[in-house]
Amino acid sequence: MINRIRSRTKMQLGGRVQVNRIIQSVQQHGPHCPCCGMSMINRIRSSDRNAFLNESREEKRIELPRHRRFYGASSVPAHDKFDYAFEMATSAIRFGPGVTQEIGLDLLDLKAKEVCVITDNNLLNVKDSPAHVVMQSLQNAGVKASLFSDVEIEPTDSSFKRAIAFAQSKNFDAFVAVGGGSVMDTCKAANLYSTYPPENFLDYVNPPIGKGLPPPGPVKPLIAVPTTAGTGSETTGVAIFDYEELGAKTGIAHRRLKPMLGIVDPNNTRWLPPAAAAASGFDVLCHSLESYTAIPFNQRGPRPARPVERPAYQGSNPISDVWSLKSLEMVAKWLPIAVEDPSNEEARSMTLLASSFAGVGFGNAGVHLCHGMSYPVSGMVRSFKPDGYVGLDKPLVPHGMSVVLQAPAVFRWTAVSDPQRHLHAAELMGADISRAKDEDAGDILADQIIKLMKRLNIPDGLNAVGFTNDDIPELVKGTLPQHRVTKLSPRPVGEEEIAQLFRNSMKIY
């Protein structure tokens, strides 16, 4: 009996010491619930803690870090002005050097009889490129495949329609996209339109250009194999294209377009020129920054009448925040190394993984002004051709470049909406914010972006890629239809604000 009492006493003392250590650690490090942002220590009742610690001192209040956003609500709002929920959807991801060669077995397991493989001619012209690895894997598995490679960099509705016609020419039961964002977006469109042919091409296209109808049901399995570390399209339900009739960028967006699986293979970025790696990396950077600073999901309206109508881009939310912040931290650290030393396999792997992380984040939260303003920049290009891009047969402002050229001006302007979020992002990019003031948040974040832009030789503003102030009215006109993203701006934005942001982006350094 005495031994039993001694044992019980030791257990109680040990338990008390253990709890004491845990609570001291919590007090020092301040962990927070990833869903609601509440301080975990505040969720331990004072009476319970004092019972363990035999303390009577007044409980110390642990403050919520100022960059943490509280998303919670006590009840569903009675009005339908704003949404009250968000939905997290993403593709499965398989990561590792060499995993592309497994794709044939994946399609064999799906019992695919004939597969539509979409890639681009640049990849086909490179020996042992990811496109050839995919075709060899399908052949080894005995899976029949047909190849389509007439994909345009920065797709148009015409190039989408060519791919759609090819997809409709046979009874394909699965799709594979091998390439960058242009290829993956083209493949998503081909899958959707061949599975559920609409009465009009614009039926699925985002308003105000199209009707924005949701897909009637699930599309066919699509496996995406990214060959750039940028778009994150292997994780998103978005397909972007130039609508030639209006000379404006638009797209199709719904979670049903998301690939079934993303094959994230670091070996597949070995062919990426440093200039393309830099531009792609800045796309990742802006995906992370925009999704983290977007309007909160419960301030986005109107509330959808049916769950299927809830947009893919829903506004910032506690799960997207986790992915976006980690991506930002990774790309800020590894992108310069990957561009300056393409032989560094760890850097290439981490930037590719950062792209997928950002895809999970912005694929559910969305992006806002940097992307919305980029579409007319790339659509209105006249003669600019970037250094380091081989075989270009037409002018091009690469997507990531067209996005980041507005970023310093945009984040200077949006910082007032949530200074602490902007400061936290700057800190992850290397800024010392220990003495930073809220009113300096925009400049501090912009300075970090500019520092990276200079290091990786991004042109000095819109002037450097061929635009002048005389182009601003048309640039604004091309931005206004991008409701899908501009409405996620953390500050209300109209023609005057967009025009001023373009003016502030003409020269950066």
**Asked** Would you say Ser327's side chain and Trp323's backbone share a donor-acceptor pair under 3.5 angstrom?
**Response** no
**Fill in**
Asn504 meets the side-chain hydrogen bond (donor to acceptor under 3.5 Å, both in side chains) criterion, sequence neighbours left out, with Gln500
**Prompt:** Just how far is it from atom CE of Met429 to atom CG of Asp447, taken to the nearest 0.5 Å?
**Reply:** 10.5 Å
**Asked** Of His422, His368, His424, which is the lone residue that meets side-chain hydrogen bond (donor to acceptor under 3.5 Å, both in side chains) with Thr293?
**Response** His368
**Item:** By salt bridge (charged side-chain N to carboxylate O under 4.0 Å, His left out) - contacts of Asp321 (at least two apart)
**Value:** Arg421
**Item:** Donor-acceptor contact present, side-chain Lys507 to main-chain Asp460, <3.5 Å
**Value:** no
**Message:** Using a 3.5 Å distance criterion without hydrogens, assess whether the side chain of Gln482 forms a donor-acceptor pair with backbone atoms of Gly478.
**Reply:** yes
**Request:** Using the side-chain contact (heavy atoms from CB on, under 4.5 Å) rule, take Leu445 and Leu289 through it: C-alpha gap first, then chi angles, then the decisive distance, then the call.
**Result:** CA-CA 10 Å; Leu445 179 53; Leu289 288 170; 4.2 Å; yes
**Request:** Look at the aromatic rings of Phe160 and Phe241 and report parallel, tilted or perpendicular, splitting at 30° and 60°.
**Result:** tilted
**Prompt:** Side chain of Asp120, backbone of Glu152: donor and acceptor closer than 3.5 Å?
**Reply:** no
**Asked** Under the 3.5 angstrom rule, does the side chain of Ser280 hit a backbone N or O of Ala277 as a donor-acceptor pair?
**Response** no
**Request:** Calculate, to the nearest 0.5 Å, the distance between atoms CE and OG belonging to Met350 and Ser355 respectively.
**Result:** 12.5 Å
**Ser149 and Asn121 side chains, donor-acceptor separation under 3.5 Å** = yes
**Prompt:** Can you tell me if Asp265 uses its side chain to pair, donor with acceptor, with the backbone of Asn267 under 3.5 Å?
**Reply:** yes
**Prompt:** Does Val331 offer a backbone N or O that forms a donor-acceptor pair with the side chain of Thr351 under 3.5 Å?
**Reply:** no
**Item:** Residue pair Asn364 / Glu87, side-chain donor-acceptor N/O under 3.5 Å
**Value:** no
**Prompt:** Can you name the salt bridge (charged side-chain N to carboxylate O under 4.0 Å, His left out) partners of Arg455, sequence neighbours left out?
**Reply:** Glu340
**Cation-pi geometry met for Lys249 and Tyr243 (6.0 Å, 45°)** = no
**Asked** Do NZ/NE/NH1/NH2 and the carboxylate oxygens of Asp471 and Arg382 come within less than 4.0 Å?
**Response** yes
**Message:** Any side-chain to backbone donor/acceptor pair from Ser91 onto Glu234? Under 3.5 Å, distance only.
**Reply:** yes
**Asked** What distance separates Leu475 CG from Gln406 CD, expressed to the nearest 0.5 Å?
**Response** 8.0 Å
**Prompt:** Is the side chain of His132 donor-acceptor paired with the backbone N or O of Leu124 at a distance under 3.5 Å, no angle test?
**Reply:** yes
**Donor-acceptor side-chain pairing of Glu290 and His371 below 3.5 angstrom** = yes
**Prompt:** Pick one: which of Lys188, Lys258, His287, Arg255 meets side-chain hydrogen bond (donor to acceptor under 3.5 Å, both in side chains) with Thr236?
**Reply:** Lys188
**Request:** Kindly say whether Val360 contributes a backbone atom to a donor-acceptor pair with the side chain of Thr90 at under 3.5 angstrom?
**Result:** no
**Asked** About how many Å separate CH2 of Trp271 and OG of Ser129, when rounded to the nearest 0.5 Å?
**Response** 6.5 Å
**Complete:** Output for pair (Leu272 CG, Thr227 OG1), nearest 0.5 Å, gives 7.5 Å
**Message:** Using the rule given for side-chain contact (heavy atoms from CB on, under 4.5 Å), can you reason through Ile103 versus Ile223, listing the C-alpha separation, both sets of side-chain angles and the distance that settles it, and then say yes or no?
**Reply:** CA-CA 8 Å; Ile103 197 167; Ile223 298 178; 3.6 Å; yes
